[in-house]
Number of protein chains: 2
Amino acid sequence: MNNEPKNKHDFDSAPSLDQARRQLARYSLDVDAQAVLVAARLMEAGAKLGSAAEIHFGRFGLSTGRYRLLAELETNDGELLPSQLADNLGVTRATVTGLIDVLERDGLVSRRKSMQDGRQKAVVLTEAGASKLRDMAPEHFMRLEAMVSSLSLEERSVFLSLLGRVTEGISALTDEKKDVQANSKKR
Amino acid sequence: MNNEPKNKHDFDSAPSLDQARRQLARYSLDVDAQAVLVAARLMEAGAKLGSAAEIHFGRFGLSTGRYRLLAELETNDGELLPSQLADNLGVTRATVTGLIDVLERDGLVSRRKSMQDGRQKAVVLTEAGASKLRDMAPEHFMRLEAMVSSLSLEERSVFLSLLGRVTEGISALTDEKKDVQANSKKR
DNA sequence: GAAAAGTAGTTAGGCACCATACTACGTGCA
DNA sequence: TGCACGTAGTATGGTGCCTAACTACTTTTC
């Protein structure tokens, strides 16, 4: 046909330790290159996983966000308020509105006005929605397992623990001003 | 009253092992819950890190993509072709065009027509661009280091290695059809 | 009981990224 | 020499998420 399909990120990218060292040396910064590398690799892994997940869920006619919403409904007896969904999924209410719009159009969820509170509209998982989750479950979870299949049980445990600690550290990127001088021990 | 994910994702969310187990039990799937948890947590960490990075770079008037482009230019003597940038950054040429548009408007890079090949336009890091990188380097790298400061050197090394293996496994999500088990139904 | 303040959901507009399709230029091959 | 074909960069339109502002409905307060 026409151009190159580039569908598969080669993503060799993988920044190297040397690269990090050179970057730090350029400005004579007293920072551990390994630390910078961890940050860069994690960011890269996150981006890669995110786009892979979109492809994965796309096979079922869903996006990552819409799948997560459906799954969240499923684990809560098939009914939640949009604001609860927003909380549980860690996205804004506005985003939830958008997700529901599409899911409702596709018949996977429906909106039902609440009687107790006229402002609320419960989101309900339809039979089609439950069925969609049921159908995709085997392949979905198999693929997730395959993703980490190269790690032993022990390693998975270690990885989870380390990942958890790094995840907590992410706030270091967003925290208010910290002094950039010699002091690097904070929190 | 602060349970809105404002600019500061509290992101308590953190799916639990029990949650994963329940999900698997619902469909009687023979999948390791720990594996599912690793996948979920990594995806979450990636999303969280991504948005934190946007906030972080936003402080300097940049986005993650634009910063990466500038840094890539810097490590290549301040000059590259858009297609090389796309390759190195792992994004499409179209995305690079957009990044350059903004960076050029802000005076951080400039486009220069190539003389060898009339189709090419080299992207050049301007003095303002180099200066921007220089100015933000201390805070930027300090924050990166702070992010992983709770890990020892040894742990960082382990984490990198495990992360690398998981990253390779991500292709399990996008591969055509897996055959990890005797499973092949629909489609 | 009515204005003020708070809350639920939606709308509007923006950013980053993508796939697709287009223009301009270069190259291979008859 | 000529012209199809490949390649570099760009424009267009779509997705997913965001913030901020809006509407509609409570709840509070006097």
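Owing to the predicted nature of the structure, the values given are computational and were not obtained by experimental measurement.
In the set dC17(D), dG9(D), dC18(C), the nucleotide with an atom closest to the side chain of T92(B) is dC18(C). Nearest to the side-chain atoms of A94(B) among the listed nucleotides dA11(D), dG16(D), dT19(D) stands dA11(D). Among the nucleotides dA19(C), dC17(D), dT10(C), the one closest to the side chain of T95(A) is dC17(D). Comparing dG9(C), dC17(C), dG9(D) by their nearest atom to the side chain of V91(B) picks out dC17(C).
Residue whose closest nucleotide on DNA chain D sits further toward the 5' end, between V96(A) and D117(A): V96(A). Map E54(A) and R111(B) each onto its nearest nucleotide of DNA chain D; the residue landing nearer the 5' end is R111(B). Residue-to-nucleotide proximity on DNA chain C shows that, of Q120(A) and D101(A), the 5′-proximal contact is made by Q120(A).
Here the P atom of nucleotide dA16(C) and the CG atom of L85(B) are 16 Å apart, to the nearest Å. Rounded to whole Å, the distance from CG on L81(A) to C1' on dC25(D) is 14 Å. Spacing between atom CZ of R112(A) and atom P of dG9(C) amounts to 13 Å, rounded to whole angstrom units. The nearest whole Å value for the distance from the NZ atom in K121(B) to the C1' atom in dA11(D) is 12 Å. Across the protein-nucleic acid pair, L99(B) atom CG and dA11(D) atom P stand 14 Å apart, rounded to whole Å. As rounded to whole Å, 15 Å separates atom P of dG16(D) from atom CE of M43(B). If you measure from atom CD of Q116(B) to atom P of dG9(D), you get 12 Å, rounded to the nearest angstrom. Between the CG atom of L62(B) and the C1' atom of dC17(C) there is a distance of 17 Å, rounded to whole Å.
Residue D30(A) qualifies as open at atom CG: its count of foreign heavy atoms under 6.0 Å is 12 or below.
Backbone-only engagement by S83(A) is indicated by non-hydrogen atom pairs under 4.0 Å involving sugar-phosphate atoms exclusively. Contacts of S63(A) with the nucleic acid, taken as non-hydrogen atoms under 4.0 Å apart, involve only primed sugar atoms and P, OP1 or OP2.
Listed pair R93(B) / dT7(D) fails the phosphate criterion, with no side-chain N or O lying under 4.0 Å from OP1 or OP2.
By the 30° and 60° cut-offs, the orientation of the rings of H56(A) relative to H140(A) is parallel.
For R119(A) and dG9(C), a side-chain-to-base donor-acceptor distance below 3.5 Å is absent, hydrogens and geometry of angles not being considered.
Pairing each heavy atom of T64(B) with each of A53(B), the nearest pair is OG1-CB, 3.6 Å. Across E79(A) and A122(A), no two heavy atoms sit closer than the pair OE2-CB, 3.4 Å.
Looking only at distances, no side-chain donor or acceptor of S114(A) sits under 3.5 Å from a matching main-chain atom of K121(A).
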